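Predicted model only: the values in this text are computed from it and were never measured. Numbering of ligands and ligand atoms starts at 1, following listing order.
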Amino acid sequence: MKKILVTGGLGYIGSHTAVELLQKEFEVIIIDNLSNSTINVLEGITNITKKPPTFERLDLREKAQVEDFFLRNKDISGIIHFAASKAVGESVENPLLYYENNVNTLIYLLQECKAHSIPNFIFSSSCTVYGEPDSLPITENAPIKAAMSPYGNTKQISEEIIADLCAVHPEMNAIALRYFNPIGAHHSAEIGELPLGVPQNLVPFITQTAAGIRKELSVFGNDYPTPDGSCVRDYIHVVDLAKAHVIALQRLLSGKNESNLEIFNVGTGRGSSVMEVVHAFEKVTKQKLNYKFVGRRPGDVVSVYADTQKANDVLGWKAEKSMEDALSSSWKWEKKIRNIES
Ligand code: NAD
Ligand code: UD1
């Protein structure tokens, strides 16, 4: 069994990916510092898979500890690197935290890849690198625009660091996956998204409003040049996204990659407006959601959704789950963690 290091593996996307890996032929070792997750996630992963992953509580900013970890784990075949800070607003308030946590940790990990000849590396990038697209759907060749936040900048810089390393180390193989908007939870409701404090993202805000924790959803803008005036995004089920990581990893492990750095959009290819998400949620849960229209949120792009042809044809991956599946799993998860009876 190949041993895969999943950094940030107790977080939202990492935990769903750990499940998919454990359900295939992989042994999983998770590193997480619990800065944005809880240890209970480990139990959720184990309940689903009946195979407990190995876990090390470790802060990847501690270079000496990272070195020590790799000295103790010389049999790692690949790394999926999720660990990072991801709140856009917080990154504006505290840019150095973001550059340290998202860029330094990447460098330390890549140094260990070099030192221990670990050739396979998958990186969590984001559609945020595209900024406001010139045309839609957006392909991987679209220009990278000036980042709108330090968070977005860390993703751009990280992709550049990986590209620079791959350019001079042909033995290194990396895939950067540019995620669109992940939503949903595992159908078992054993794991899901756990935002700390007031959620900034749409779906957790919707489910918390339905659960009575928030009074109403503020829809940021109804005067955009879109069919119903609200912004359009590409919402992808987190389980589909997790599966893309397993396929990307298998591609690297079997040497099927066409170059030593490949980049793929991971989305559904479908754009949905904020109001479409609201109405789909109401339909799935059969309840009215309290919402009001407010002004535009600074920094929001109008419309972005993925061209998924490269992921479909080259990676051999396609999103399979519907928006309704995703929203109903998010709601099931929210009800479970709030002890709401069905
Ligand atoms: P998350 O916050 O749920 O998970 C990240 C995990 O990493 C957390 O469990 C956190 O405790 C851990 N972590 C953070 N810093 C660490 C450190 N220094 N050492 C060890 N562990 C550390 O986030 P997520 O939504 O699962 O996102 C995973 C990755 O995907 C991130 O890199 C994020 O930027 C990227 N991404 C996320 C989205 C999204 O909408 N969720 C979209 C695009 C890209
Ligand atoms: C945000 C981040 C982006 C990150 C992505 C995935 C910003 C500017 N961008 O993107 O960098 O990659 O999350 O984590 O924060 N909305 C409301 N009301 C709300 C919350 C959201 O109307 O209470 C709207 C937003 O205006 C947007 C859509 O819902 O149109 C989705 O918002 P969100 O979930 O925050 O994701 P993004 O803005 O796409």
Quiz item: Has ligand 2 got any nitrogen or oxygen that is less than 3.5 angstrom from a nitrogen or oxygen of V274?
Solution: no
Practice problem: Heavy-atom distances under 4.0 Å are what count here, so tell me which part of N181 touches ligand 2: side chain, backbone, both or neither. | Solution: side chain
Quiz item: In the protein, what heavy atom is nearest to atom 34 (O) of ligand 2, and what distance, to one decimal place, separates them?
Solution: L202 N, 2.9 Å
Quiz item: Between H81 and F121, what is the ring plane arrangement, given parallel below 30°, perpendicular above 60°, and tilted in between?
Solution: tilted
Self-check item: Distance-only polar pair, side chains of T308 and N265, donor-acceptor under 3.5 Å
Solution: no
Quiz item: At a non-hydrogen distance cut-off of under 4.0 Å, which region of Y235 contacts ligand 2 (side chain, backbone, both, or neither)?
Solution: side chain
Quiz item: Based purely on interatomic distance, does C231 place a nitrogen or oxygen under 3.5 Å from a nitrogen or oxygen of ligand 2?
Solution: no
Practice problem: Give a yes/no on ligand 2: does S218 have at least one heavy atom closer than 4.0 angstrom to it? | Solution: yes
Quiz item: Any sub-3.5 Å donor-acceptor pair from N173's side-chain atoms to G255's backbone N or O?
Solution: no
Self-check item: Near-ring test F123/H245, centroid separation under 6.0 angstrom
Solution: no
Quiz item: Can you find a side-chain donor-acceptor pair between Y130 and R178 that sits under 3.5 Å?
Solution: yes
Quiz item: Are D68 and K63 close enough for a salt bridge, meaning some N to O gap below 4.0 Å?
Solution: no
Quiz item: Going by the angle between their ring planes, with limits at 30° and 60°, are H186 and H16 parallel, tilted or perpendicular?
Solution: tilted
Exercise. Say whether F293 and ligand 2 are in contact under the criterion: heavy-atom distance to a ligand atom below 4.0 Å.
Key: no
Quiz item: Same cluster or not: are I191 and I30 linked, directly or through other Ile, Leu, Val, Met, Phe, Trp or Tyr residues, by side-chain heavy atoms under 4.5 angstrom apart?
Solution: yes
Exercise. Could you list all the salt bridge (Lys or Arg N to Asp or Glu O under 4.0 Å) pairs where at least one residue sits in residues 316-335, not counting sequence neighbours?
Key: E334-R338
Self-check item: Spacing of CG belonging to N181 relative to OG1 belonging to T268, to within rounding of 0.5 Å
Solution: 9.5 Å
Quiz item: Considering only heavy atoms, which of Y224, F205, F220, Y291 lies nearest to atom 19 (C) of ligand 2?
Solution: F220
Exercise. Return the residue, atom name and 0.1 Å-rounded distance of the protein heavy atom closest to atom 5 (C) of ligand 2.
Key: N201 ND2, 4.4 Å
Self-check item: atom 38 (O) of ligand 2 - nearest protein heavy atom and its distance
Solution: R297 NH2, 2.7 Å
Quiz item: Out of K86, Q200, R214, R178, who gets a non-hydrogen atom closest to atom 20 (C) of ligand 2?
Solution: Q200
Quiz item: Where is the nearest protein heavy atom to atom 7 (C) of ligand 2: which residue, which atom, and how far?
Solution: V88 CG2, 3.6 Å
Practice problem: Quick one: look up the protein heavy atom nearest atom 11 (O) of ligand 2 and list residue, atom name and how far away it is. | Solution: T128 OG1, 3.3 Å
Quiz item: Within 45° of the axis and under 6.0 Å from the centre of the six-membered ring of F26, does NZ or CZ of K2 qualify?
Solution: no
Quiz item: Between Y179 and ligand 2, which part of the residue brings a heavy atom under 4.0 Å of the ligand: side chain, backbone, both or neither?
Solution: neither
Quiz item: Does the side chain of T154 pick up a donor-acceptor pair with the side chain of N102 at under 3.5 Å?
Solution: yes
Quiz item: Tell me, which protein residue and heavy-atom name are nearest atom 26 (O) of ligand 2, and how many Å apart are they?
Solution: D300 OD2, 2.6 Å
Quiz item: Counting distance only, does the side-chain N/O of Q200 pair as donor-acceptor with the main-chain N or O of V198 below 3.5 Å?
Solution: yes
Quiz item: For atom 12 (O) of ligand 2, what is the nearest protein heavy atom, given as residue, atom name and distance?
Solution: S126 OG, 3.0 Å
Practice problem: Answer side chain, backbone, both or neither: which part of V203 comes under 4.0 Å from ligand 2, heavy atoms only. | Solution: neither
Quiz item: Purely on distance, is any nitrogen or oxygen of Y151 under 3.5 Å from one on ligand 2?
Solution: no
Would you mind listing each N/O atom of ligand 1 next to any protein N/O under 3.5 Å, plus the distance?
unit_1   : atom_1 : unit_2 : atom_2 : d
ligand 1 : 2 (O)  : N36    : ND2    : 2.7
ligand 1 : 3 (O)  : Y12    : N      : 2.8
ligand 1 : 9 (O)  : G11    : N      : 3.3
ligand 1 : 9 (O)  : D32    : OD1    : 3.2
ligand 1 : 9 (O)  : D32    : OD2    : 2.6
ligand 1 : 9 (O)  : S37    : OG     : 2.8
ligand 1 : 11 (O) : D32    : OD1    : 2.6
ligand 1 : 11 (O) : N33    : OD1    : 3.4
ligand 1 : 11 (O) : S35    : N      : 3.0
ligand 1 : 11 (O) : S35    : OG     : 3.3
ligand 1 : 11 (O) : N36    : N      : 2.9
ligand 1 : 11 (O) : S37    : OG     : 3.4
ligand 1 : 13 (N) : N33    : OD1    : 3.4
ligand 1 : 15 (N) : N101   : ND2    : 3.0
ligand 1 : 18 (N) : D59    : OD1    : 3.0
ligand 1 : 18 (N) : N101   : OD1    : 2.7
ligand 1 : 19 (N) : L60    : N      : 3.0
ligand 1 : 21 (N) : N33    : N      : 3.1
ligand 1 : 21 (N) : N33    : OD1    : 3.2
ligand 1 : 25 (O) : K86    : NZ     : 2.8
ligand 1 : 26 (O) : Y12    : N      : 3.3
ligand 1 : 26 (O) : I13    : N      : 2.8
ligand 1 : 32 (O) : F82    : O      : 2.8
ligand 1 : 32 (O) : K155   : NZ     : 2.9
ligand 1 : 34 (O) : Y151   : OH     : 2.7
ligand 1 : 34 (O) : K155   : NZ     : 3.0

Quiz prompt | R296 NZ/CZ over Y224 ring centroid, <6.0 Å and within 45° of normal | solution = yes
Quiz item: Which protein heavy atom lies closest to atom 27 (C) of ligand 2, and at what distance to 0.1 Å?
Solution: R233 NH2, 3.8 Å
Quiz item: Where does M148 meet ligand 2, judged by heavy-atom distances below 4.0 Å: at the side chain, the backbone, both, or neither?
Solution: neither
